[in-house]
There are 2 protein chains.
Amino acid sequence: MARVTLKDVAEAAGVSIATVDRVLNGRAGNASRSAVRVQEAINRLGYAPSALSARVDAARRRFVFVLPSGENPFMSSLSEAVGSLSDWMTLEGAVYETVRVDVFDGAALAAALDGLERDGLAGVALVALDHPMVREAVNHLHAAGIPVVTLVSDLPGSRRARYVGIDNIAAGRTAGALMGRFMGGQGAEVAIVGGSFDLRDHVERQLGFKRVLAEEFGNVRVVDVREGRDDRETTRRAVEALLARHPDLAGIYSVGAGNAGIVEALKANGRAGKTLLIAHELTAENRAALLAGAMQAVINQDCGHEIRSAARVMRALASGTPIVAEQERIRIDVFLRENLP
Amino acid sequence: MARVTLKDVAEAAGVSIATVDRVLNGRAGNASRSAVRVQEAINRLGYAPSALSARVDAARRRFVFVLPSGENPFMSSLSEAVGSLSDWMTLEGAVYETVRVDVFDGAALAAALDGLERDGLAGVALVALDHPMVREAVNHLHAAGIPVVTLVSDLPGSRRARYVGIDNIAAGRTAGALMGRFMGGQGAEVAIVGGSFDLRDHVERQLGFKRVLAEEFGNVRVVDVREGRDDRETTRRAVEALLARHPDLAGIYSVGAGNAGIVEALKANGRAGKTLLIAHELTAENRAALLAGAMQAVINQDCGHEIRSAARVMRALASGTPIVAEQERIRIDVFLRENLP
DNA sequence: CTGTTAGCGCGTTCAT
DNA sequence: ATGAACGCGCTAACAG
């Protein structure tokens, strides 16, 4: 029952602990003769190294998350999730920090990245804005040997080591498939409301949505596309205008934030629950809309998973450990009123 | 940068390490005077105990998963997930074992529970069969001070410490809501195919499904309910019979396993993709059916999450650590062809 | 090439 | 009530 320790193996192999250690970790200077006997002893006793004890004095490494400031509830959730990393933290001997920067300001974001305290810095994760200065700042970090991970929104063409987030085209396709099915084979007119089509993820979602409708639900047509700047009031007005043109619109796919505005407009026009609404992210406002019957489905990416995945990936990159790609894929969750967590 | 250690706190407080340790863990025999100074030092330095170092010599504890044998792919996945616990294993100083027992045999399951090697046994998780002997065996373990966790299927009325799995009524409601929406407001006739309605989870799912239809989709009616014994061939015949009576059935909700049989029957009758099919568990066969367009949605419970959750819960129960209920809730996943992971 | 020694941070005696 | 000392399993540095 008692653990098999290095010492046990050493005794069994008739060598010293240090020798076993060298064989185990493939360090320099092992005689092939004793290496064999050690291996044999390891197999026989079923020795499993305790990663735990190995790190009693692990160096404390810093990992930084750079997230958008502002009141976007989704981003706030991300920030909270970083805070919840604490249990791990103690186990890993690592510390995770959050820095928040203005969302749409590429220069500010770049400056924040450049200005990060370098002491002990072992990795950076950021919600990337697609901007040349940001790209350069990321490349600087990379050049300094600090791995960078993009979160939620990718930055292709940069030296970022990895992207942690959902496949936004697939997310759009999922929304499209739901919308199509919800029409039950009948012809219908739907609209898309996005935050800003300068944002990479919004564009991709819209693309996936349209594509799946074209492929599989030919009689469901996208008749209008509007921008709401991810803002409640702007979005509300956009939807008011939309409903004025298409009074009995069958569905709306909301790509970005500001969904409270959509719900308001639907209610004001007596269309809540009639015009089907599918949106992204399980925020408090979307949850309320689902429960009230004003929204029928939410496509979600789990903040907690994303942050934990980013942490794992950064740790792996920092220590040269391999990454299990399969495990780090972020799921596209679908929530109806009935399976709200 | 360097970690704040017990020693640092001790120096700062002008006491010895042992004293700090006593204050920290609330052991007997602390002078209230120095206790205050220690607390003050802890706060000032921001000391966080390293759970890691505390366990360098942690006793190896055994946790056993008792899973159904047989070829049920879902159960096999569970079993595999236990195997993947190894990364943790090393970190926790715990070892996780799997025992597989015949599914529908209460006596055998009870015997397996009674016969578990007790040495170092710190917790048991089992997929419970609702049977008096099983209930008694669970109570025996409980009486012996070994916490028991039910997995996937609960055993109410027993001394099991906790249930780890999805809310099956909610899962059924989710399936029902999807089915209802997929009809697009048109009237429709659907059927339910279950494994066996002696199984608690199957009953609950069916209940949730019917209830949500009655509440929200009054014109979608359940016209038939069949049992397929979770077996492919039996299920196929059941569906053949079903289609004979209702040639243009609009939808089938499959509560249990054996879905390949349903797909076969649908294809044979030219109803694949026409009769909507919603089933449970993202097995290889269901994934294939989704991709082929013969199935439209899968309600899933994530094996990996369930096993890891059970492991966390058992560990917490064994060590008296509190359980974060929120974190241990198992989600009800919805998968369409578009968001397959 | 190999063994010995000295820690790592914490829990646990055992004296004081 | 308190502190010094040892041990946990492992790594790192130094001798041989």
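All chains are named by letter (A, B, ...) in the order of the sequence lines, taking the proteins before the strands, and each is independently numbered beginning at 1. Owing to the predicted nature of the structure, the values given are computational and were not obtained by experimental measurement.
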Phosphate-side-chain proximity, [X] and [N], N/O vs OP1/OP2 below 4.0 Å:
X: B:R22; N: C:dT12; result: no
X: B:T19; N: D:dG3; result: yes
X: B:S34; N: D:dT2; result: yes
X: A:Y47; N: D:dC10; result: yes
X: A:S16; N: C:dT4; result: no
X: B:R33; N: D:dA1; result: no

Contact class for B:D21 vs. all strands (heavy atom < 4.0 Å): base, sugar-phosphate, or nothing?
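The residue B:D21 makes base contact.
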In whole angstrom, what separates [X]'s [atom1] from [N]'s [atom2]?
X: B:E11; N: C:dG9; atom1: CD; atom2: C1'; result: 14 Å
X: B:R27; N: C:dC14; atom1: CZ; atom2: P; result: 15 Å
X: B:L6; N: D:dA4; atom1: CG; atom2: P; result: 14 Å
X: A:N25; N: D:dG9; atom1: CG; atom2: P; result: 17 Å
X: B:I17; N: C:dG11; atom1: CD1; atom2: C1'; result: 11 Å

A:F63 vs A:Y96 aromatic rings, parallel, tilted or perpendicular, using cut-offs 30° and 60°?
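A:F63 and A:Y96: parallel rings.
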Less than 4.0 Å between a side-chain N and a carboxylate O, is that true for B:R329 and B:D167?
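No, no charged N to carboxylate O under 4.0 Å.
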Quick test of your reading of the model: are B:R331 and A:D302 salt-bridged, counting only N-O distances below 4.0 Å?
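Salt bridge flag = yes for A:D302 with B:R331.
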Return the nearest nucleotide to the side chain of B:S53; candidates are D:dT11, C:dC10, D:dG3.
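Between D:dT11, C:dC10, D:dG3, the one nearest the side chain of B:S53 would be C:dC10.
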Side chain of A:T5: nearest nucleotide among D:dC10, D:dA12, C:dC10?
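Nearest to the side chain of A:T5 among the choices is D:dC10.
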Treating B:T150 as the side-chain partner and B:A125 as the backbone partner, does any N or O pair qualify as donor plus acceptor under 3.5 Å?
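A pair under 3.5 Å: no.
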Over 12 non-hydrogen atoms of neighbours within 6.0 angstrom of CZ in A:R100:
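Yes, the 6.0 Å shell around CZ holds more than 12 heavy atoms from other groups.
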